[in-house]
Participant: 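I am attaching a structure below and will ask some questions about it afterwards.
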Amino acid sequence: MSTSGQQQFRYTQTPSKVLHLRNLPWDCSDEELVELCKPFGKIVNTKCNVGANRNQAFVEFADLNQAINMVSYYASSSEPAQVRGKTVYIQYSNRNEIVNNKSPGDVPGNVLLVTIEGVEAGDVSIDVIHLVFSAFGFVQKIATFEKAAGFQALIQFSDVGTASAAREALDGRSIPKYLLPEHVNHCHLRISYSAHTDLNIKFQSHRSRDYTNPYLPVNPTAMEGLLQPVVGPDGKKKEPESNVLFASLENMQYAVTIDVLHTVFSAFGTVQKIAIFEKNGQTQALIQYPDVTTAAAAKDALEGHCIYDGGYCKLHLSYSRHTDLNVQAYSDKSRDYTVPESSLLAMQQASAVHATPPVWHNPQSGPQSFGYAAAAAVPGQASTSQMSSWNPNLQGGGSTFPSTPTRFPGQSYASPVSAYATAVNPPGSSQQTNHIVSSGRSYSVSQPPHPSTMPPGGVPPPGHAPYHG
DNA sequence: AGCACA
């Protein structure tokens, strides 16, 4: 050819993990593209209905070799690639990745991420979820969990087609009222695709099921949620006592830091661990004592009291299901006071930014993003490598403790999927007096571990001298 | 049947 500087179409294309497909049906769907291409590799993105006739599309594989596989397969196949009987012409794209504004959740897969809006985790049982989604085909696995986005479930079907049918039918719809507790008014399902292809379910429990493996062991601690609630003398539900307190903070006008909580709760005994997290825009915390008695004393004394004067940061306390928190030893969201001081010091120095908090940006900027929390509730989640292709915010350090299955909202396993869980939330630059007040009566907290966050001159709370573990 | 601007 004399046109040496001209781009030749057919023979000069260099391989790309993006393929250009032509002669598709004008209304070809992402799912049809995936069905055609997935035998050759993992599809990470698609763009269909491209061009004036809407009959072109792009498909991006995770790996270049997968795209090469597909092109070379159909180059030598006697059966052409087809969608609905139409021959599809496949070439390497002249771009190296698909650029569109499609979020990862729009890339079809066999696993759905379902956010159940307007309910607490206890309102919708895994059996109800199973029932609803089984209408579209065999549900292989379910994992549920709570994150900032609310109550969520990963639902695994055997194939993309079934998953997309369920998504089409149920996205934006509600779970029938008769399947829900009476107090639930609305319950919308928001459904996107998960990047997972195979959930790693370790136990049958109230939050996860593997219907392909009925002999999977039942996790006794994870099944606690199925036990009948303890009923008190007044006939009302009463949670079993625990050495771990669950605190929800109302009227969060000012920042409540780990140090503030530690000071407040240390008045009643050694505080072993603390974690702060946000759920549905509400600040919550877990405080772990060595024993139930201490926790009960703290609960009785602090319930309904406010950390700051003026009704700010009012504490509501209940017993947690947890008995041993699995927290990062030293972060702005959690603290483990049981780790040896030497290693803690090392960690403090490693992250000096936590030790002497400067004035950081505004903490009141809405709920913390816990991101796309997919795998967080699946212990030992194995398919993390698949997620990393689109997760923009891998967790630095990943210093969670993978050995213990204990978990709580906001706390993640080492999975990078839940990377957002440690989003920076600055310790309080608040100049508030650190009082516990109750209907006019107030008392100050003494011996603040970080004097910079609290004013001097407090008097000890009645009865107990604070001590620190 | 021949490369997208969301």
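All chains are named by letter (A, B, ...) in the order of the sequence lines, taking the proteins before the strands, and each is independently numbered beginning at 1. Note that the structure is predicted; figures quoted are calculated from it, not measured.
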Participant: Check every strand shown and say whether A/Glu60 touches a base, only sugar-phosphate, or nothing at a heavy-atom separation below 4.0 Å.
Facilitator: nothing
Participant: Rounded to whole angstrom units, what separation is found between the OH atom of A/Tyr92 and the C1' atom of B/dC3?
Facilitator: 16 Å
Participant: Ring centroids only, cut at 6.0 angstrom: are A/Tyr92 and A/His20 within range, meaning strictly under it?
Facilitator: no
Participant: Can you identify which nucleotide, out of B/dA4, B/dA1, B/dC3, has its nearest atom closest to the A/Val18 side chain?
Facilitator: B/dA4
Participant: B/dA4, B/dC3, B/dG2: which one has an atom nearest the side-chain heavy atoms of A/Gln13?
Facilitator: B/dC3
Participant: Between A/Arg335 and A/Asp259, is there a salt bridge with N-O shorter than 4.0 Å?
Facilitator: yes
Participant: Output the rounded distance in Å from CG (A/Asn96) to P (B/dC3).
Facilitator: 18 Å
Participant: Rounded to whole Å, how long is the line connecting atom NZ of A/Lys17 with atom P of B/dC3?
Facilitator: 20 Å
Participant: Rounding to an integer number of Å, can you tell me how far A/Arg54 CZ sits from B/dC3 C1'?
Facilitator: 17 Å
Participant: A/Asp30 has an atom CG; how far is it from atom P of B/dA6, in whole Å?
Facilitator: 18 Å
Participant: Between CG of A/Asp171 and CZ of A/Arg190, what distance do you get to the nearest 0.5 Å?
Facilitator: 6.0 Å
Participant: To the nearest angstrom, how far is A/Arg95 atom CZ from B/dA6 atom P?
Facilitator: 12 Å
Participant: Please determine if a side-chain N or O atom of A/Gln56 lies less than 4.0 Å away from the OP1 or OP2 oxygen of B/dG2.
Facilitator: yes
Participant: Under a 3.5 Å distance rule, please check whether A/Asn49 uses its side chain to pair with a backbone N or O of A/Cys28 as donor and acceptor.
Facilitator: yes
Participant: Which nucleotide, B/dA1, B/dA6, B/dG2, lies nearest any side-chain atom of A/Gln91?
Facilitator: B/dG2
Participant: State whether A/Asn100 places a side-chain N or O below 4.0 Å from either non-bridging phosphate oxygen (OP1 or OP2) of B/dA6.
Facilitator: no
Participant: If you take atom types as modelled and just measure distance, does the side chain of A/Lys47 reach the base of B/dA6 with a donor-acceptor pair under 3.5 Å?
Facilitator: yes
Participant: Rounded to whole angstroms, how far apart are CD on A/Glu97 and P on B/dC5?
Facilitator: 16 Å
Participant: Under 6.0 Å between ring centres, would you say that holds for A/Tyr74 and A/Phe40?
Facilitator: yes
Participant: Quick one: which of B/dC3, B/dC5, B/dA6 gets closest to the side chain of A/His20?
Facilitator: B/dC3
Participant: Grab the CG-P distance between A/Asn55 and B/dC3 for me, whole Å please.
Facilitator: 11 Å
Participant: Would you mind telling me which of B/dC5, B/dC3, B/dA1 lies closest to the side-chain atoms of A/Asn23?
Facilitator: B/dA1
Participant: Would you call A/Tyr89 stacked on B/dG2, i.e. ring centres under 5.5 Å apart with the planes less than 30° off parallel?
Facilitator: no
